[in-house]
Structure formats: structure tokens, C-alpha cells
Amino acid sequence: MSAIMKTMLVLSMGALLLAGTLSAQTPVPEWQAGVDKVKTLIQSNPAQASEEAGELLKGKNKKNVDLVTSVAHVYLDAGKITEAQEYLAKKANNKDPKVSVLEGDIALAQKNIGQACQLYEQAIYFDPNCKEAYLKYAQAYKSASPTQAIEKLEQLKAVDPN
């Protein structure tokens, strides 16, 4: 095989590998643009944001946990805790760890560390591989109880050594 053919073979293999990794990336959900729109409207036009969120959560999307938690998270990030709780109340699945983590985030925003950590524990119960719950639990307890925070991080390390 000539050097040119080897180079061509290596380049085409690299192109196939790159194409495979690009096609394996998670596609952006069709509703993400709507969530982004709500995010931009929350401060400037809260009524319009609420209307947009209501439209997003109609029909087939009404029980979409990812969408419901995304909308609630946008409100929480904007400091609108009551609205975040209201949207999260529309959740589709009480046993989804994403719901428990977000409920914990809301409790933490309300300065209720004990309840937040209880909800992070619940997320871990529903999914022992929910790394986010371990990290948030440890973060919440890092000042109040460093030993508990370290224990949680050690548990995470046992689940995922990386």
C-alpha cells in the first residue's frame, strides 16, 4: 500500500469516526426554543412568559417531565420560587429523580437545607446514579455538617470513581 493510500485510508476513517460521534449527540428537544423564550420573557413580561409556558405544557407535553422541570427551573433561576413550585406541581412522575432534585433546589432557595437534602436523598433513592443529587447534597451540607458532605461525596465516588 502506498503512503498516499494509507493517508487517504486514515483520513476517511477519521471522517467516519467524526461523523459517527456527531450523529450520536443528543438532539435538542423541539420544545427547547419555547423554554428559552419563556426565560427571556420572565423579567421583561411575566404575563407573556406565563402564557408561553402554559402553551408549552399543553397536550402531549403536559406530562413531559423534562419539559416541566425545565420550565420550573427557568422560573427558579429567575428567583420566582412560587411560580417554580406551581409548574413543578404539574409534574408527570413523582419518582423521577430530576423532580426530586429540582424540589430540593427550591427548598434550598427557601433556605430549608434539611428538606433540600432529604429531597436529594430521595432522588438518589430513585436513581442511585444521580450524580447531581450527591453533589448538591454535599454542597448544601458543606458548612453545616462537613462530615455528612464528605460522606455523600465518598458515596458518589463509590458509584462513579471519576
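When reading the values below, keep in mind they use all heavy atoms of this one structure, side chains included, and skip hydrogens, waters and symmetry mates. Keep in mind it's a predicted model, so treat the numbers as computed, not measured.
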Stepwise side chain to side chain contact (heavy atoms under 4.5 Å, CB included) check, Val99 with Glu103: CA-CA 6 Å; Val99 172; Glu103 287 174 332; 3.9 Å; yes
Do Tyr87 and Thr69 come within less than 4.5 Å of each other through their side chains, counting heavy atoms only? no
Listed partners of Gln115 passing side chain to side chain donor-acceptor pair (under 3.5 Å), at least two apart: Asn112
Hphob cluster co-occupancy, [X] + [Y], side-chain heavy atoms under 4.5 angstrom:
| X | Y | answer |
| --- | --- | --- |
| Val159 | Leu153 | yes |
| Val65 | Leu102 | yes |
| Val74 | Val68 | yes |
| Ile106 | Val101 | no |

Could you measure the distance from the [atom1] atom of [X] to the [atom2] atom of [Y]? Nearest 0.5 Å is fine.
| X | Y | atom1 | atom2 | result |
| --- | --- | --- | --- | --- |
| Lys131 | Asp160 | NZ | CG | 4.0 Å |
| Gln139 | Ile113 | CD | CD1 | 10.5 Å |
| Gln85 | Ile81 | CD | CD1 | 7.0 Å |

Under the rule for salt bridge (charged side-chain N to carboxylate O under 4.0 Å, His left out), what residues qualify as partners of [X], not counting sequence neighbours?
| X | answer |
| --- | --- |
| Glu51 | none |
| Asp127 | none |
| Lys157 | none |
| Lys111 | none |

Sequence neighbours left out, what passes ring pair (Phe, Tyr, Trp, His ring centres under 6.0 Å) with Tyr137? Give chain and number order. Tyr141
Under 3.5 Å, side-chain donor or acceptor atoms of residues 32-45 against the rest of the protein: list the pairs with distances, not counting sequence neighbours.
residue: Gln32; atom: NE2; partner: Asp36; partner atom: OD1; Å: 3.0
residue: Lys37; atom: NZ; partner: Glu52; partner atom: OE2; Å: 3.3
residue: Thr40; atom: OG1; partner: Lys37; partner atom: O; Å: 2.8
residue: Gln43; atom: NE2; partner: Ala78; partner atom: O; Å: 3.3
residue: Asn45; atom: OD1; partner: Gln48; partner atom: N; Å: 3.2

Decide if atom CD of Glu121 counts as having more than 12 heavy atoms of other residues, nucleotides or ligands within a radius under 6.0 Å. yes
Apply side chain to side chain contact (heavy atoms under 4.5 Å, CB included) to Cys130 and Tyr120, showing your working. CA-CA 9 Å; Cys130 185; Tyr120 296 143; over 6 Å; no
Under 4.5 Å between side-chain heavy atoms, chaining through other members, with only Ile, Leu, Val, Met, Phe, Trp and Tyr counted: pull out the rest of the cluster around Phe126, sorted by chain and number. Tyr125
Side-chain cluster (under 4.5 Å, hydrophobic types only) that Leu119 belongs to, other residues: none
Taking all non-hydrogen atoms of both residues, which atom of Gly104 and which atom of Ala116 are closest, and how far apart? O-CB, 3.3 Å
Residues 135-150 vs salt bridge (Lys or Arg N to Asp or Glu O under 4.0 Å), sequence neighbours excluded, gives Asp105-Lys136, Glu132-Lys136
N/O donor-acceptor pair under 3.5 Å between Ser50 side chain and Ala47 backbone: no
Only distances under 3.5 Å count here; give the side-chain donor-acceptor pairs of residues 54-61 to other protein atoms, sequence neighbours excluded, each with its distance to 0.1 Å.
residue: Glu55; atom: OE2; partner: Lys58; partner atom: NZ; Å: 3.0
residue: Lys60; atom: NZ; partner: Glu30; partner atom: OE2; Å: 3.2
residue: Asn61; atom: ND2; partner: Leu56; partner atom: O; Å: 3.4

Can you pull the side-chain hydrogen bond (donor to acceptor under 3.5 Å, both in side chains) pairs that have at least one residue in residues 75-84, sequence neighbours excluded? His73-Asp77
